[in-house]
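What follows is one structure encoded as structure tokens, with my remarks underneath.
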Amino acid sequence: MIGRLNHVAIATADVAAASKVYAEALGAEVSDPVDLPEHGVRVVFVTLPNTKVELLEPLGPGSPITAFLERNPAGGLHHVCYEVGDIRAAAAQLVASGARVLGDGEPKIGAHGKPVLFIHPKDMGGVLTEIEEV
Ligand SMILES: CC[C@H](C(=O)O)C(=O)SCCNC(=O)CCNC(=O)[C@H](O)C(C)(C)COP(=O)(O)OP(=O)(O)OC[C@H]1O[C@@H](n2cnc3c(N)ncnc32)[C@H](O)[C@@H]1OP(=O)(O)O
Ligand SMILES: [Co+2]
């Protein structure tokens with residue numbers, strides 16, 4: 001069921017500042033910031049040879065990452081995203097194993113234009129986990 005690691009997400013108070021390290025110190029390919037109001041984040045994508053880093057900054061009052069940054073003012077690892085072939089089947093299998101799917105359980109279109117869902121960190125060894133249908 002589980003496929004490639006699609007991305008590792010890092011929450012930060014300032015994606016523009018955070019992305020400079022990847023672009024300048026590490027010579028990575030870095031996108032311009034992209035606002036995703038439907039997800040309450042501003043995102044910068046760092047493209048690596050085998051996966052992506054997703055830099056996330058809160059966007060708007062109800063951002064789902066605001067509380068995380070209050071707990072972690074310097075920023076930090078926020079979530080991982082795995083690719084799956086059938087997101088509804090994957091979610092059903094996770095729920096059957098006792099994991100909680102966040103939100104209303106309906107896949108939403110994520111930053112890469114594909115359906116995504118999030119699984120509660122407490123049910124994934126303390127790691128907020130996103131699945132993306134590819
Ligand atoms: C979809 C667009 C883009 C993409 O890739 O396509 C994105 O990835 S957008 C990413 C931003 N969106 C989300 O993260 C949506 C899912 N997240 C949520 O619904 C919340 O962040 C939630 C419910 C995971 C956490 O909410 P909150 O921070 O308000 O804290 P809670 O008090 O509800 O947390 C309960 C419990 O979980 C711990 N926690 C919270 N966030 C994380 C985390 N990122 N990793 C690990 N653990 C986390 C928190 O500390 C609490 O633990 P406790 O021991 O009870 O204190
Ligand atoms: Co993500």
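Read the numbers this way: they start at 1 and go in the same order the structure lists the ligands and their atoms.
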Would a hydrophobic clustering, with Ile, Leu, Val, Met, Phe, Trp and Tyr connected at side-chain separations under 4.5 Å, put [X] with [Y]?
| X | Y | value |
| --- | --- | --- |
| Val95 | Val84 | yes |
| Val127 | Leu102 | no |
| Leu69 | Val15 | no |
| Leu36 | Val44 | no |

inquiry  = Can you confirm, on distance only, whether ligand 1 has an N/O atom lying under 3.5 Å from any N/O atom belonging to Ala111?
reply    = yes
query = Quick one: does His120 get an N or O within less than 3.5 Å of an N or O on ligand 1?
reply = no
query = Counting heavy atoms only, which of His39, His79, His112 is nearest atom 10 (C) of ligand 1?
reply = His79
request  = Pick whichever of Glu38, Glu54, Lys52 has a heavy atom sitting closest to atom 5 (O) of ligand 1.
outcome  = Glu54
Which protein non-hydrogen atom lies closest to [atom], naming both residue and atom, and how far is it?
| atom | value |
| --- | --- |
| atom 54 (O) of ligand 1 | Lys122 NZ, 2.8 Å |
| atom 9 (S) of ligand 1 | Val41 CG2, 4.0 Å |
| atom 22 (C) of ligand 1 | Leu102 CD1, 4.5 Å |
| atom 26 (O) of ligand 1 | Pro64 O, 4.6 Å |
| atom 4 (C) of ligand 1 | Glu130 OE2, 3.2 Å |
| atom 46 (C) of ligand 1 | Gly126 O, 3.2 Å |
| atom 17 (N) of ligand 1 | Leu128 CD2, 3.9 Å |
| atom 16 (C) of ligand 1 | Phe118 CG, 3.6 Å |

query = Is it the side chain, the backbone, both or neither of Arg71 that has a heavy atom closer than 4.0 Å to ligand 1?
reply = side chain
request  = Quick one: look at Glu132 and ligand 1, take heavy-atom pairs under 4.0 Å, and tell me if it's side chain, backbone, both or neither.
outcome  = neither
ask   = Can you list the steps and then say if Met1 with Gln93 is a side chain to side chain contact (heavy atoms under 4.5 Å, CB included)?
value = CA-CA 9 Å; Met1 176 181 84; Gln93 202 164 326; 3.5 Å; yes
query = Between Pro58 and Thr12, what is the shortest heavy-atom contact and its length?
reply = CD-O, 3.6 Å
Closest approach of Pro107 to Ile87 (non-hydrogen atoms, all atoms of both residues) = CG-CG2, 3.7 Å
inquiry  = Closer than 2.8 Å to the Co ion (ligand 2): how many protein N, O or S atoms are there?
reply    = 4
Contact check, side chains of Met124 and Leu94, non-hydrogen atoms, under 4.5 Å = yes
Under-4.0 Å protein heavy-atom contact, [atom]:
| atom | result |
| --- | --- |
| atom 49 (C) of ligand 1 | yes |
| atom 34 (O) of ligand 1 | no |
| atom 44 (N) of ligand 1 | yes |

Counterpart residues, ring-ring contact (aromatic ring centres under 6.0 Å, His included), relative to Tyr22 (two or more places apart) = none
Those residues that, when tested against His120, pass ring-ring contact (aromatic ring centres under 6.0 Å, His included) (two or more places apart) = none
request  = Kindly check if the number of other-residue, nucleotide or ligand heavy atoms within 6.0 Å of CD (Glu29) is above 12?
outcome  = no
task = Kindly state each residue pair satisfying ring-ring contact (aromatic ring centres under 6.0 Å, His included) with at least one member in residues 61-100, sequence neighbours excluded.
result = His7-His79, Phe68-His78, His79-Phe118
